[in-house]
Amino acid sequence: MTEHHPDDSYQPEVVEAKWQARWAERHTNEPDLEGATRPFYNLMMFPYPSAEGLHVGNFFAFTGADVYGRFKRLQGYQVFEPMGFDAFGIHSENYALRIGTHPAELIPRNIENFRRQLKRLGGMFDWRHQLSTTDPDYYRWTQWLFLQLYHAGKAYKKKAAVNWCPRDKTVLANEQVINGTCERCGSPVEQRFLEQWFFRITDYAERLLANLADPTKMDWSASTVSAQRNWIGRSEGAEIDFPSEAGPIRVFTTRPDTLFGGTFLVLAPEHPLVDRLTAGSERAIVEAYRKAAAAKDIVSRKVGEKEKTGVFTGAFAVNPATGAKIPVWISDYVLMEYGTGAIGGVPAHDERDFLFALTYRLPIVRVLAAEGETGSTPVYEPSTGTSGLRLVNSGQFSELPAEQGIQAIIAWLEAEQLGKRRVQYRLHDWCISRQRYWGPPIPIIYCDACGPVPVPEKDLPVLLPLIPDFQPDDSGISPLARHEEWYRVPCPRCGGKAHRETDVSDTFLDSAWYYLRYLATEFADRPFDPARNQRWLPVASYIGGNEHAVLHLLYSRFIAMGLHDQGQLDFEEPFRKFRAHGTIVKDGAKMSKSRGNVVIPDQYVSKWGADTFRTYLMFLGPYEEGGDFRDEGLSGPRRFLDKVWELVQRCERRTLTGEELQHGIVVKWHQTKKRVTLGLEQLSYNTAIAALMELLNALRAVNCSERKIVKEFVIMLAPFAPHFAEECWERLGATTSVFEAGWPDWDEGLTLEQEIEVPVQVNGKTRSRVRVPRGATEEHVVAAALRDPAVTKFTDGAPSKIIYVKDRLLNLVVRNAVRGKG
RNA sequence: GCCGGGGUGGCGAAACUGGCAAACGCAAGGGACUUAAAAUCCCUUGGGAGCAAUCCCUUGCGGGUUCGAUCCCCGCCCCCGGCACCA
């Protein structure tokens with residue numbers, strides 16, 4: 001053991017290895033889950049171990065969350081900061097396929113590498129509670145969760161039009177289709193009709209939406225809240241029945257006020273009434289159109305295509321408001337999965353209906369008019385909203401303002417039993433079946449006699465068999481179906497011939513409840529522990545990427561709500577506070593493998609040290625906005641740490657000198673404590689670090705190394721540079737961790753300077769400053785200002801108006817401003 | 001089109017939600033130390049005028065409110081993200 005000398009230099013690799021070892025030995029990062037009196041659950045989104053390793057974006061995310069956890073720790077909370085691996089799923093399986101290694105072999109290897117990187121970063125992780133979603137002890141409970149939802153009637157199987165990715169050879173949830181392409185591989189998604197398992201997330205649409213606006217339940221980033229709102233997509237309106245030969249045709253509209261302008265109906269090609277409506281002579285054309293529509297992939301069906309096509313079914317319906325006989329058409333601009341799959345065409349007030357009417361020469365009747373218009377000209381009126389519009393050509397409703405017209409017509413429809421008020425959501429049920437190998441098998445058995453039978457809980461987990469041929473194919477059937485010995489089982493209910501469900505569940509089901517499992521990893525007999533949940537949940541702080549706004553973050557809320565309604569959880573919102581971190585770009589450009597500019601953290605950690613790397617990441621931009629990673633930037637934070645190191649080596653216990661006091665060291669010190677504390681609480685890490693740099697510069701300027709200040713400096717630096725701070729703390733004579741030290745408090749009175757410089761403006765332009773004591777009266781400051789030639793040069797006589805903001809600013813208003821003569 | 005977040009020096013950015021615009025850092029230039037380089041230290045660095053004290057201009061664009069606007073209001077432009085033939 002070498003003795004430290006006051007002048008020995010900062011060697012990150014030595015310091016970091018030492019403290020990582022010591023944290024492990026001392027169990028520094030392992031809070032008492034049973035007895036914690038001030039528990040703080042600090043969660044960050046766990047990674048997919050599906051690549052060579054973590055990239056700088058992951059490090060940025062984890063570091064920011066870790067800084068917050070360490071700050072809370074220093075404030076005296078017992079912080080639980082777990083880490084795990086989202087190791088099931090297409091991303092991991094695709095990676096295994098590409099590498100040509102079985103995922104069961106590859107993924108544990110990746111996890112080891114991820115763990116190594118994470119430990120090197122110096123996160124405050126409690127490794128006792130590490131989990132992997134691929135562990136049977138984990139996915140046993142994922143399957144259990146499926147059964148809970150199944151028994152609650154929240155899981156069901158139906159044959160439906162689903163998104164099929166031809167490259168990944170599986171169905172996808174709507175949330176995993178981005179602009180008609182696969183979220184994972186970017187292939188255009190096809191439509192297939194398959195029997196799939198769904199979760200009834202739509203049952204919770206209203207609650208999921210309402211809680212977003214409830215600050216007692218959720219404090220989330222605005223961008224995430226907005227994305228979820230858009231995704232849930234609530235619309236208010238009415239459904240209206242149009243009588244026809246084949247029975248009533250129900251349409252949904254958000255604008256019942258335009259009902260009198262409905263001159264035709266349009267049904268989606270897949271609409272179930274089309275067969276019955278179609279007249280004999282039109283049958284061939286209608287069939288051809290339906291076939292063509294079905295053949296289109298989702299991209300071209302939903303995106304672009306402004307020209308409208310469609311065919312007449314030969315049938316007519318009656319507009320219940322006007323009594324007019326109106327033709328029934330089909331067109332692919334009407335989508336079966338939204339509303340009722342049928343619309344009333346109002347060509348005068350809807351752009352799409354207008355284009356359709358123009359193409360097929362359908363009548364256009366205007367029923368809304370602006371102020372001072374009669375509405376007699378039958379042209380399309382592109383109007384968004386209802387403001388300034390009134391109804392015309394609308395029978396007894398004419399002349400009502402549009403907003404009132406909506407309410408009046410709904411009331412009339414309800415009275416006449418022609419329709420009713422209705423809220424429509426864009427959100428669809430969550431399709432969780434995947435025709436892939438690498439996931440938890442859905443715990444259902446199909447019996448020839450009993451039908452679908454849930455696997456009894458005592459038989460869980462349904463183990464994923466180790467099979468060599470796990471490649472997916474085009475059949476729409478999971479690779480597991482090829483394995484008879486696994487596929488064929490006796491029925492758990494009657495013992496008769498039966499077979500297993502061969503689909504696995506969506507990865508997002510694995511990740512929808514992992515925060516519960518972290519708290520209970522040592523329990524084999526239960527998925528989570530009520531007493532621990534009671535103590536630690538909901539999660540106090542959750543940090544992650546906004547790309548999961550309508551995926552993981554929505555699904556997790558749904559699962560918590562479902563469990564809550566089953567009496568399993570006593571909260572329904574799992575993440576009290578969520579903050580979305582920003583994204584990192586490299587030299588101004590997005591990082592991507594094809595560009596070859598992906599930053600691998602390891603080399604930087606080796607060169608600069610983890611503490612410098614962490615500090616740089618937190619300094620390079622606002623945490624919630626991200627920033628630009630530039631190699632040159634690392635030298636700044638490293639120089640900063642070197643200077644702090646040097647300050648620590650020469651620090652001494654003494655009183656401040658007159659010169660130091662004169663330079664306002666005490667004020668700067670207390671101001672810094674305040675700024676760093678508030679900055680950390682708001683995740684404004686870049687400004688917190690800047691404040692510390694300012695204090696350091698101020699100390700160095702007067703050569704001050706007073707021990708009390710240096711100690712508090714080290715504590716405040718500890719969230720960013722934990723190993724470094726521990727080492728400094730020890731060298732300052734401590735025998736316990738710096739994280740036991742407690743967060744420094746500041747004296748508000750001492751953050752204010754006693755003598756201040758008040759800017760003096762003339763007509764709003766700063767012309768000079770006067771030094772006055774804090775709290776000086778207006779008279780005092782004005783008198784001082786008018787003694788200053790730099791001011792009087794511009795005033796030329798008595799000011800006509802004086803604005804004085806105490807301790808802030810003096811503004812003298814003069815009528816004839818004198819121009820500066822230089 | 002609708003919703004959310006942005007637009008400030010050569011660059012990353014800061015500014016008590018109305019009060020000295022550009023803190024902190026990077027890069028660049030000059031100087032000191034050194035045989036030299038690196039490291040370190042000191043100085044300069046938004047634009048323009050001036051020998052200078054100093055003055056004028058400057059927060060995407062155009063208006064407005066105000067003694068005073070990066071901040072508030074109105075009308076635009078551009079960038080990032082979400083939703084979107086959604087009725």
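Proteins come first, then strands; the chains are lettered A, B, ... in the order of their sequence lines, and each starts at number 1.
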> Under 4.0 angstrom, heavy atoms only, what part of the nucleic acid is A:Ala690 near: base, sugar-phosphate, or nothing?
Replying inline: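 A:Ala690: base contact, heavy atoms under 4.0 Å.
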>> By the 4.0 Å heavy-atom rule, please label A:Leu620 as base, sugar-phosphate, or nothing.
In response: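 Sugar-phosphate contact only - A:Leu620 comes under 4.0 Å of backbone atoms but never of a base.
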> For the pair made of CZ in A:Arg630 and C1' in B:rG25, what is the distance, rounded to whole Å?
Replying inline: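 Going from CZ in A:Arg630 over to C1' in B:rG25 covers 13 Å.
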At less than 4.0 Å, is any side-chain N or O atom of [X] found next to OP1 or OP2 of [N]? Yes or no.
X        : N      : value
A:Asn811 : B:rU66 : no
A:Arg639 : B:rC26 : yes
A:Arg352 : B:rA87 : no
A:Asn686 : B:rA14 : yes
A:Ser235 : B:rA87 : yes

> Who is the Watson-Crick or G-U wobble partner of B:rA38, with both distances under 3.5 Å?
Replying inline: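 With both distances under 3.5 Å required, B:rA38 matches none.
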When you measure from the side chain of [X], which nucleotide among [options] comes out closest?
X        : options                : value
A:Arg767 : B:rC83, B:rC55, B:rA87 : B:rC55
A:Lys801 : B:rC67, B:rG4, B:rG12  : B:rC67
A:Ala222 : B:rA84, B:rC41, B:rG4  : B:rG4

>> Can you see whether A:Trp645 has A:Lys643 sitting over its ring - NZ or CZ less than 6.0 Å from the centre and within 45° of the normal?
In response: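 Output no; distance or angle outside limits.
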>> Would A:Arg426 and A:Trp231 count as a cation-pi pair here, with the cationic atom under 6.0 angstrom from the ring centre and within 45° of the axis?
In response: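 Because its charged atom sits under 6.0 Å from the ring centre and within 45° of the axis, A:Arg426 does stack over A:Trp231.
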> Under 3.5 Å, is there a donor-acceptor pair between the side chain of A:Thr687 and the main chain of A:Gly679?
Replying inline: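 Looks like no, no N/O pair under 3.5 Å.
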>> Using modelled atom types and a 3.5 Å cut-off, is there a donor and acceptor pairing between side-chain atoms of A:Asn163 and backbone atoms of A:Val189?
In response: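 No.
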>> Please give the distance between the P atoms of B:rU44 and B:rC24 as a whole number of Å.
In response: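 Pairwise P distance, B:rU44 against B:rC24, rounds to 12 Å.
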> Could a donor-acceptor pair under 3.5 angstrom be found where the side chain of A:Arg808 meets the base of B:rC16?
Replying inline: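 Check passes, donor-acceptor contact within cut-off.
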> A:Phe613 vs A:Phe59 aromatic rings, parallel, tilted or perpendicular, using cut-offs 30° and 60°?
Replying inline: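 Correct class here is perpendicular.
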